[in-house]
Novice: 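Please read through the structure below; I'll follow up with questions.
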Amino acid sequence: GSEVTGRSPFEIWLNEAVTVFVSNEFLSFCFGDETIRLGDALTLLAPGAGILAQDISAGAMPIEPDGFNDCNELITSVTYVKAPEFVRMIQTLMGNEQFVKGLDAYHSKYKHSNASRADWVTAMGESSGQDFTEMAAGWLKKTGYPIVAVDRSYDNGKYVLELSQTNGEWQFPFVAAVCSADGTVLAEKTEWVKTKDHTIVFETEEPAFVSLNRGYSFFGKVKYGVTEEELFLQVRKDKDVVARYSAWYRLWDTEKMRLLKDEDAAVREDLVDLYFELFQDEELLNRVGAKFLTIFSSVEDETYAHKYRELYEMRKRISTAIAKKYSSKLKELYNHYASVVASGKTYLEKQTHAVKNRQLKNLCLGLLSRLDTPEVHAIIKGQLDNPTAATDKYAALGLYLESSAADKMEVLHQQEEVLKQNLVSWEMFLYIVGGTDAENGLALIKDVSSSASFRIDQSNDQRGLFGSFARNKKRSLQTAPGRAYLQEIIIKLAPVNEYTTGHLVKVLGNLDKMDAEYHVPLIGLMVNILQALNVEKTPSVYNTVKRMIMELPIAREAYEKENGKIEELG
């Protein structure tokens with residue numbers, strides 16, 4: 001935070017965004033900029049809960065909305081992720097030194113007083129000699145983000161990128177580089193894109209691949225034609241870890257689409273081999289840990305992006321294929337990371353190295369869990385009983401619950417007794433149970449929610465158990481028992497905590513993009529919520545649900561065709 005207060009509630013994003021930005025700078029000092037920035041990129045790209053997905057859903061609000069039912073509606077992932085990304089884009093255009101000078105000038109001028117968004121934008125502009133007014137207006141008042149199509153060409157020593165925005169007109173920094181086959185950067189540019197169409201020209205020899213949106217320079221997506229050979233090369237050689245991950249993401253997106261279209265297809269062996277090749281890349285993993293190996297249960301194609309059950313099963317096929325081919329080596333790696341002593345010259349270096357080792361150890365364990373054998377159950381149980389850190393215990397408990405181990409219910413109750421003794425560990429226990437993919441998952445959730453230790457009036461308990469359940473959309477939205485329970489907890493929780501309930505409601509934001517079979521039952525769920533709630537007592541939840549129904553025209557039309565007009569909409 002700072003000693004400057006926003007002039008209005010609408011400007012709460014500013015202090016929060018700059019605070020998060022500075023916090024990330026500190027984390028970058030601790031763990032390395034590549035690790036933190038790759039983590040940021042994964043937060044943006046994550047399915048469902050990812051900010052890019054949330055920002056185009058029916059429940060989306062701009063960073064600085066024009067109105068609200070309750071000021072808590074201004075405290076969202078947009079405030080804490082998208083808004084810091086806006087601040088980071090300003091920093092990219094200004095440069096580090098001028099950005100720090102601008103912040104210092106702003107805080108010095110408005111210390112112990114109120115300031116507006118315009119005051120901050122002006123201070124940044126005065127420090128750098130640039131005018132960010134128009135850019136800020138676009139990013140702060142609109143939902144969504146730029147989608148940039150890129151055409152590439154090379155002729156007579158000039159490599160040309162033709163950028164074209166396909167989702168409105170935004171202003172943002174665009175960082176691009178052209179690279180040789182060994183990953184050497186031949187040329188790199190940072191350009192301020194201000195118009196729908198923008199051209200970038202590199203005077204260079206013909207590159208082996210192009211590296212776009214390096215460091216995730218802007219909040220949005222890039223689409224361009226690229227060969228598979230280029231992607232394989234970029235995954236192995238790009239010096240920018242975020243652009244390198246983007247190539248990895250694209251390779252797997254194509255493969256995931258193939259698997260979704262053919263349920264009998266085997267996972268490509270060359271991609272399985274590439275996965276394990278990277279798993280053994282000590283230089284890469286020492287820098288960024290296990291994050292680079294993330295393969296999401298999602299695809300870019302909107303036709304398939306909201307088939308949550310199918311996506312889960314597809315992702316399971318991939319991890320199972322990796323586990324089966326490399327089971328012996330994964331056990332060796334697990335034992336290695338379980339026994340290796342973290343290295344480093346300082347205490348901080350040793351601790352960050354230990355964190356990355358644990359990530360890799362638990363990734364090994366997660367892959368091995370797909371084998372679901374007594375031997376693997378024993379390995380998981382051993383880690384659960386003898387963890388080296390809390391994260392070891394949480395990872396093992398989640399995997400054990402989803403296994404076929406005969407004693408998993410006994411283990412669950414044993415761990416509940418242990419973990420409920422501490423508020424932090426209790427919340428993590430609730431997250432694990434709420435988000436479980438165990439076949440009896442809903443029964444587990446109901447069992448824990450009826451426990452004397454569960455307090456519905458505590459926000460930690462609410463977001464732990466109910467929040468993780470709601471975000472598990474293949475269960476909360478795509479099964480009849482899950483829908484009934486989601487409706488029940490929203491109605492029950494709304495009078496207790498509207499803020500937490502609002503997050504549960506927003507899992508319905510992409511309903512229009514789901515298969516037609518879910519439209520009527522899920523709009524029906526939302527109508528039932530409106531009928532059960534009192535607009536005077538729970539205005540935020542009531543009006544959010546009402547607004548979302550109005551912004552879901554396809555599902556609403558299907559519902560009204562069967563049930564008549566929704567009276568609550570007026």
Side-chain angles (χ1 to χ4, degrees), residues 10-14 16-17 20-21 24 37 39-68 72-90 92 117 135-149 165-174 193 213 216-223 242 246 249 253 296-302 305-306 308 467 470-471 473 477 499 502-514 544-545 547-554:
F10 295 100
E11 282 145 326
I12 191 173
W13 70 268
L14 181 53
E16 303 306 286
V20 170
F21 176 86
N24 282 343
R37 193 57 190 155
D40 292 341
L42 296 178
T43 299
L44 301 181
L45 293 167
I51 311 309
L52 292 173
Q54 291 185 35
D55 203 29
I56 55 174
S57 71
M61 292 176 67
I63 295 173
E64 194 176 284
D66 292 324
F68 54 84
N72 280 321
E73 292 178 10
L74 301 176
I75 310 297
T76 68
S77 53
V78 167
T79 310
Y80 289 97
V81 181
K82 184 179 181 180
E85 287 296 311
F86 167 71
V87 172
R88 192 177 191 277
M89 287 189 285
I90 296 292
T92 300
R117 173 249 293 185
M135 177 179 171
W139 281 98
L140 301 177
K141 303 304 291 185
K142 294 191 297 185
T143 58
Y145 47 80
I147 298 175
V148 181
Q165 298 188 51
T166 63
N167 189 32
E169 191 167 306
W170 305 74
Q171 292 192 23
F172 52 88
F174 190 87
V193 176
N213 200 19
Y216 227 105
S217 57
F218 78 94
F219 181 90
K221 292 185 177 181
V222 177
K223 298 185 180 296
V242 175
S246 295
Y249 181 92
D253 191 67
F296 290 118
S297 299
S298 65
V299 290
E300 288 291 307
D301 189 328
E302 284 294 322
H306 304 283
Y308 308 116
R471 290 189 296 275
K473 296 179 184 179
L477 304 185
Y499 178 69
H503 286 282
L504 306 189
V505 167
K506 288 179 181 178
V507 302
L508 295 151
N510 287 306
L511 174 52
D512 266 1
K513 300 171 186 175
M514 292 178 65
T544 296
V545 173
R547 173 171 60 86
M548 288 176 65
I549 294 175
M550 296 175 71
E551 293 178 5
L552 294 167
I554 298 173

Novice: Any side-chain heavy-atom pair from F172 and F219 closer than 4.5 angstrom?
Specialist: no

Novice: The test is side chain to side chain contact (heavy atoms under 4.5 Å, CB included); show your working for L511 and M548 and say whether it passes.
Specialist: CA-CA 10 Å; L511 174 52; M548 288 176 65; over 6 Å; no

Novice: How about V78 and P62: do any of their side-chain heavy atoms sit closer than 4.5 Å?
Specialist: no

Novice: Minimum heavy-atom separation for T166 and A149, please, with both atom names.
Specialist: CG2-CB, 4.1 Å

Novice: Working to the nearest 0.5 Å, report the span between OG1 of T79 and CG of L14.
Specialist: 11.5 Å

Novice: Indicate yes or no for a side-chain donor-acceptor contact from R37 to the backbone of V242 under 3.5 Å, with no hydrogens or angles considered.
Specialist: no

Novice: At what distance, to the nearest 0.5 angstrom, does CD of E85 lie from OG1 of T92?
Specialist: 9.0 Å

Novice: Evaluate the side-chain proximity of L140 to W13: yes if any heavy-atom separation is below 4.5 Å, no if none is.
Specialist: yes

Novice: Taking N213 for the side chain and K221 for the main chain, is one N or O donor matched with an acceptor at less than 3.5 Å?
Specialist: no

Novice: Any idea which heavy atoms bring A53 and A46 closest together, and the distance?
Specialist: CB-O, 4.5 Å

Novice: Between K223 and I147, is any pair of side-chain heavy atoms under 4.5 Å apart?
Specialist: yes

Novice: Would you say I56 and K513 make side-chain contact, with heavy atoms under 4.5 Å?
Specialist: yes

Novice: When the ring planes of W139 and W170 are compared, do they come out parallel, tilted or perpendicular, using 30° and 60° as the limits?
Specialist: tilted

Novice: Considering non-hydrogen atoms only, spot the tightest contact between F10 and P65 and give its length.
Specialist: CD2-O, 2.9 Å

Novice: Could you tell me if the side chain of L44 sits less than 4.5 Å from the side chain of Y145, heavy atoms only?
Specialist: no

Novice: Could you tell me the separation between the CE atom of M61 and the NZ atom of K506, rounded to the nearest 0.5 Å?
Specialist: 6.5 Å

Novice: Give me the atom names and distance for the closest heavy-atom approach of V87 to A17.
Specialist: CG2-CB, 3.8 Å

Novice: Please give me the minimum heavy-atom distance between V299 and D253, naming the atom from each residue.
Specialist: CA-OD1, 3.1 Å

Novice: For N510 and K473: C-alpha separation, side-chain torsions, deciding distance, then whether side chain to side chain contact (heavy atoms under 4.5 Å, CB included) applies.
Specialist: CA-CA 11 Å; N510 287 306; K473 296 179 184 179; 4.3 Å; yes

Novice: Does K82 come within less than 4.0 Å of E16, counting only side-chain N to carboxylate O?
Specialist: no

Novice: Just do the side chain to side chain donor-acceptor pair (under 3.5 Å) check on E300 and Y249 with the steps written out, would you?
Specialist: CA-CA 10 Å; E300 288 291 307; Y249 181 92; 2.5 Å; yes

Novice: Flag the pair Q165 / V193 as yes when at least one side-chain heavy-atom distance between them is below 4.5 Å, and no otherwise.
Specialist: yes

Novice: Please report the C-alpha distance between K141 and D66 in whole Å, then the side-chain angles of each, then the deciding distance to 0.1 Å, and finally whether the side chain to side chain contact (heavy atoms under 4.5 Å, CB included) criterion is met.
Specialist: CA-CA 8 Å; K141 303 304 291 185; D66 292 324; 2.9 Å; yes

Novice: Rounded to the nearest 0.5 Å, what's the gap from OG on S57 to CG on L552? Could you check?
Specialist: 9.0 Å

Novice: Quick one: closest heavy-atom pair of D55 and A60, and the distance?
Specialist: O-CB, 3.6 Å

Novice: Verify side chain to side chain contact (heavy atoms under 4.5 Å, CB included) between L477 and H306, making sure each step is shown before the conclusion.
Specialist: CA-CA 11 Å; L477 304 185; H306 304 283; over 6 Å; no

Novice: State the OG1-CD distance between T143 and Q54, to the nearest 0.5 angstrom.
Specialist: 12.5 Å

Novice: So how far is it from I12 CD1 to I63 CD1, rounded to the nearest 0.5 Å?
Specialist: 13.5 Å

Novice: Is any side-chain heavy atom of M135 closer than 4.5 Å to a side-chain heavy atom of M89?
Specialist: yes

